[in-house]
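Naming: A, B, ... by sequence-line order, numbering from 1 per chain.
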2 protein chains.
Amino acid sequence: MTDDSETLQTPTNAPATVEEFRERLAAITEDLPKRLRKCADHIAANTDRIAVSTVAELAAGADVPPSALMRFCQIMGFSGFSEMQKLFREAYAPGWPDYSTRLKNLKANRTGSPAALLAEFVEAGRLSLEALAKSVDEQVLDRAVATLSRADTIHVVGLRRAFPVASYLAYVFEKMAVPAMLHDGVGKLDHRFALRPGDAVLAITFAPYSEETLTLAADAHARGLPVIGLTDTLTSPLARLADAVVTVPEVDFGAFRSLSATIALAISLAVAVGSARE
Amino acid sequence: MTDDSETLQTPTNAPATVEEFRERLAAITEDLPKRLRKCADHIAANTDRIAVSTVAELAAGADVPPSALMRFCQIMGFSGFSEMQKLFREAYAPGWPDYSTRLKNLKANRTGSPAALLAEFVEAGRLSLEALAKSVDEQVLDRAVATLSRADTIHVVGLRRAFPVASYLAYVFEKMAVPAMLHDGVGKLDHRFALRPGDAVLAITFAPYSEETLTLAADAHARGLPVIGLTDTLTSPLARLADAVVTVPEVDFGAFRSLSATIALAISLAVAVGSARE
DNA sequence: CGCCGCTTGGAATAAATATTCCAAAAGTTG
DNA sequence: CAACTTTTGGAATATTTATTCCAAGCGGCG
């Protein structure tokens with residue numbers, strides 16, 4: 001019954017709530033031309049910035065001309081950007097539950113609830129990252145990068161809980177066109193003979209140290225290949241075998257580590273090696 | 001010693017943080033003429049709306065003419081309303097805006113010392129974790145856990161950059177004695193027929209979305225099996241296929257994500273499912 | 001009670017911002 | 001490969017919004 005003779009031009013239903021907005025966005029996104037698709041994605045990833053941005057800013061963020069973003073608003077059912085923004089400005093109720101407040105809320109759930117667990121892991125991850133930033137030994141890091149940069153092929157090995165790190169390293173190396181091989185233990189094939197003179201090993205293991213990882217590192221060491229270790233303490237068995245040992249202090253929660261610090265360290269290493277090789 | 005011949009007009013120091021703003025406000029409020037006093041009071045009571053309001057709106061709220069509010073801004077040390085608003089707009093969006101700029105600079109400058117890189121990745125990880133804590137939708141999380149807890153076998157799939165997450169999930173599930181199967185794409189075997197009635201799929205993928213992951217999810221969906229998605233935005237193609245979609249805001253470094261937030265979320269999910277099944 | 005400095009409101013102006021429109025480019029289809 | 005449709009970018013325009021400025025108001029003080 002919208003008899004507004006004024007706004008007759010838009011019988012189309014613009015989303016009235018943020019929920020509706022999201023649904024609509026998800027619904028139309030897939031069959032959208034290239035430019036509009038970029039808008040949709042950027043908007044989806046930055047919904048919370050709509051309230052405080054201008055067309056130009058958002059457009060720049062999405063890397064499209066402003067007019068494209070304008071069209072996007074209209075496709076979403078609004079008369080224009082301003083109308084869309086109005087929705088979000090009104091919904092901008094919650095002030096800003098800053099991080100620590102929000103964390104408390106999450107933890108306030110019954111213990112063992114997903115949200116409470118998440119709060120703990122987030123906290124553990126953050127502490128680990130902070131500890132890492134403080135404790136890292138730059139010289140060891142530099143040496144590790146130098147060694148790996150000189151290697152022909154980098155052999156990455158890490159099993160069990162270190163495997164995610166190893167596989168991410170392999171991914172990053174591949175993306176940066178650094179010759180690397182992931183020793184994944186598939187089929188119990190150990191590929192030990194893939195180690196060639198000129199190569200280097202990057203071994204990752206935490207207590208309880210994985211037998212296979214140590215074996216490969218020892219093997220390489222015995223044959224005079226440089227070994228870089230990524231481990232938890234300097235007393236790790238890797239320390240004796242490795243030419244450079246980078247330690248990472250990871251905070252546990254329950255039986256599991258967040259791996260945040262380890263992965264941050266691993267990517268840094270990989271990216272540094274990647275740039276150094278160019 | 002501000003020798004800026006440009007901004008000589010304002011040697012006064014405008015508040016640089018919300019904290020400073022509040023202090024200043026409290027300090028000057030009492031000895032202010034009537035109209036300005038009204039501004040101060042209204043602003044103090046509605047600090048959080050500054051970011052999303054116009055001069056006119058705020059002035060109306062304070063029941064003063066716009067020009068009075070303008071004067072108020074200047075007395076607070078800003079050049080005008082816009083500058084004041086900028087403070088709140090930037091403070092609102094969690095550090096993200098100038099962060100991507102900083103990364104660009106870093107890349108451009110080739111200041112790629114490993115330690116510097118590490119600092120950036122640590123920062124990216126921290127921001128991601130904080131953003132995750134702020135943005136996570138508890139209900140979706142609960143639903144995801146409930147669904148997975150009921151499943152006979154959980155099929156975990158995630159390739160390329162999502163693979164580390166998938167493999168860590170597989171590790172945690174194994175440790176907690178939750179029947180789970182990691183679809184790793186080894187040998188291009190897709191194991192699609194391992195999906196049995198009563199099972200559930202936990203799919204992880206980020207843009208650019210991996211074909212194989214989507215295929216498996218679609219397959220499961222078509223056969224009526226519950227699909228839980230772990231992805232970057234709600235516009236992800238996973239969103240259409242999944243019964244519950246958990247999104248993770250992760251800060252990129254070029255092509256590389258820190259994964260911190262994603263892993264934290266993944267473990268929480270896994271541990272919650274593990275406990276729920278006991 | 002009339003002068004003077006501080007305060008105020010509003011109209012005028014400047015700046016920023018949104019929005020439209022059209023010509024060119026990119027695809028599509030027969 | 002030509003005719004046609006859709007998509008795109010950017011310049012032109014309209015609208016909103018911020019900001020300045022000045023004349024009028026107010027209150028204290030001699």
Side-chain angles (χ1 to χ4, degrees), chain A residues 6-10 12 14-15 21 28-43 46 49-90 92, chain B residues 6-10 12 14-15 21 28-43 46 49-90 93 97 235:
Chain A
E6 291 259 27
T7 38
L8 185 64
Q9 34 174 355
T10 24
T12 28
F21 178 89
I28 65 169
T29 283
E30 49 191 331
D31 35 36
L32 230 44
K34 212 166 39 188
R35 254 339 93 94
L36 292 180
R37 180 72 200 264
K38 274 175 101 173
C39 292
D41 288 344
H42 183 253
I43 290 290
N46 299 66
R49 302 272 305 282
I50 297 177
V52 295
S53 302
T54 66
V55 174
E57 283 165 4
L58 284 173
D63 192 30
V64 298
S67 49
L69 214 149
M70 243 13 248
R71 261 191 294 270
F72 170 79
C73 298
Q74 285 160 358
I75 287 178
M76 283 293 289
F78 300 99
S79 71
F81 175 75
S82 301
E83 196 178 301
M84 181 170 110
Q85 190 173 54
K86 207 171 98 193
L87 172 63
F88 288 93
R89 288 197 164 171
E90 279 162 9
Y92 177 95
Chain B
E6 292 258 25
T7 38
L8 184 63
Q9 36 174 353
T10 24
T12 28
F21 177 89
I28 64 169
T29 284
E30 43 191 332
D31 34 38
L32 232 42
K34 209 164 45 184
R35 262 327 102 94
L36 293 181
R37 180 72 197 263
K38 273 175 102 172
C39 290
D41 290 344
H42 184 253
I43 289 289
N46 300 64
R49 296 222 64 88
I50 297 177
V52 294
S53 303
T54 67
V55 175
E57 284 165 5
L58 283 173
D63 192 31
V64 299
S67 48
L69 215 150
M70 250 1 255
R71 261 191 294 271
F72 170 79
C73 297
Q74 286 160 357
I75 287 178
M76 283 293 288
F78 300 99
S79 71
F81 175 75
S82 301
E83 197 178 300
M84 182 170 106
Q85 190 173 54
K86 206 169 98 193
L87 171 64
F88 288 92
R89 289 192 166 172
E90 278 166 8
T235 63

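Look at CZ on B:R37: it is 18 Å from C1' on C:dT8, rounded to the nearest Å. Nucleotide D:dT6 holds its P atom 15 Å from the CG atom of A:L32, rounded to whole Å. Across the protein-nucleic acid pair, B:M70 atom CE and C:dA14 atom P stand 16 Å apart, rounded to whole Å. One interatomic measurement links the two molecules: CG of A:L69 to P of D:dT7, which rounds to 17 Å at whole-angstrom precision. When rounded to the nearest whole Å, the span between CD1 of B:I50 and P of D:dA18 equals 13 Å. The CZ-P distance, from A:F72 to D:dT8, rounds to 13 Å in whole Å. One atom, NZ of B:K86, and another, P of D:dA18, lie 15 Å apart when rounded to the nearest Å. Taking atom CZ of B:F78 as the reference point, atom C1' of D:dT19 lies 16 Å away to the nearest angstrom.
Nearest nucleotide to the side chain of B:P33, out of D:dA18, C:dT8, C:dT20: C:dT8. Each of C:dC21, C:dA18, C:dG9 was ranked by its minimum atom distance to the side chain of B:S67; first place goes to C:dG9. When distances run from any side-chain atom of B:F81 to the nucleotides C:dC21, C:dT7, D:dT19, the shortest one goes to D:dT19. The side chain of B:L36 sits closest to C:dT8 out of C:dT8, D:dG9, C:dT20.
With hydrogens and angles ignored, the 3.5 Å screen pairs a side-chain donor or acceptor of B:Q85 with a backbone N or O of B:S53.
Across every non-hydrogen atom of B:C39 and B:V64, the tightest pair is SG-CG2, 3.8 Å. Heavy-atom minimum distance, A:M70 versus A:G80: CE-CA, 3.9 Å. Residues A:T29 and A:L32 come closest through the heavy atom pair O-CB, 3.3 Å. Closest approach of A:C73 to A:M84, counting heavy atoms only: SG-SD, 3.8 Å. For the pair B:R37 and B:E30, the tightest heavy-atom approach, listed with the atom from each and the gap, is NH1-O, 4.0 Å. Minimum interatomic distance between B:L69 and B:V55 (heavy atoms only, all atoms of both residues): CD1-O, 4.2 Å.
Here B:T54 lies in heavy-atom contact (under 4.0 Å) with sugar-phosphate atoms only.
Remark: A:S82 is in phosphate contact with C:dT19, judged by side-chain N or O atoms under 4.0 Å from OP1 or OP2. Here A:R35 reaches the OP1 or OP2 of D:dG9: one of its side-chain N or O atoms lies under 4.0 Å away. Between B:Q74 and D:dT20, a side-chain N or O to OP1/OP2 separation shorter than 4.0 Å is present.
Between B:S53 and B:K34, the residue anchored nearer the 5' end of DNA chain D, judged by the nucleotide with its closest heavy atom, is B:S53. Each of A:R71 and A:E57 was matched to the nucleotide of DNA chain C holding its nearest heavy atom; the match closer to the 5' end belongs to A:E57.
Between A:F21 and A:F78, the ring planes are tilted. Angles from 30° to 60° get that label.
Using five terminal pairs a side, the axes of the helix from C:dC1-D:dG30 to C:dG30-D:dC1 at its two ends make an angle of 10°, given in steps of 10 degrees.
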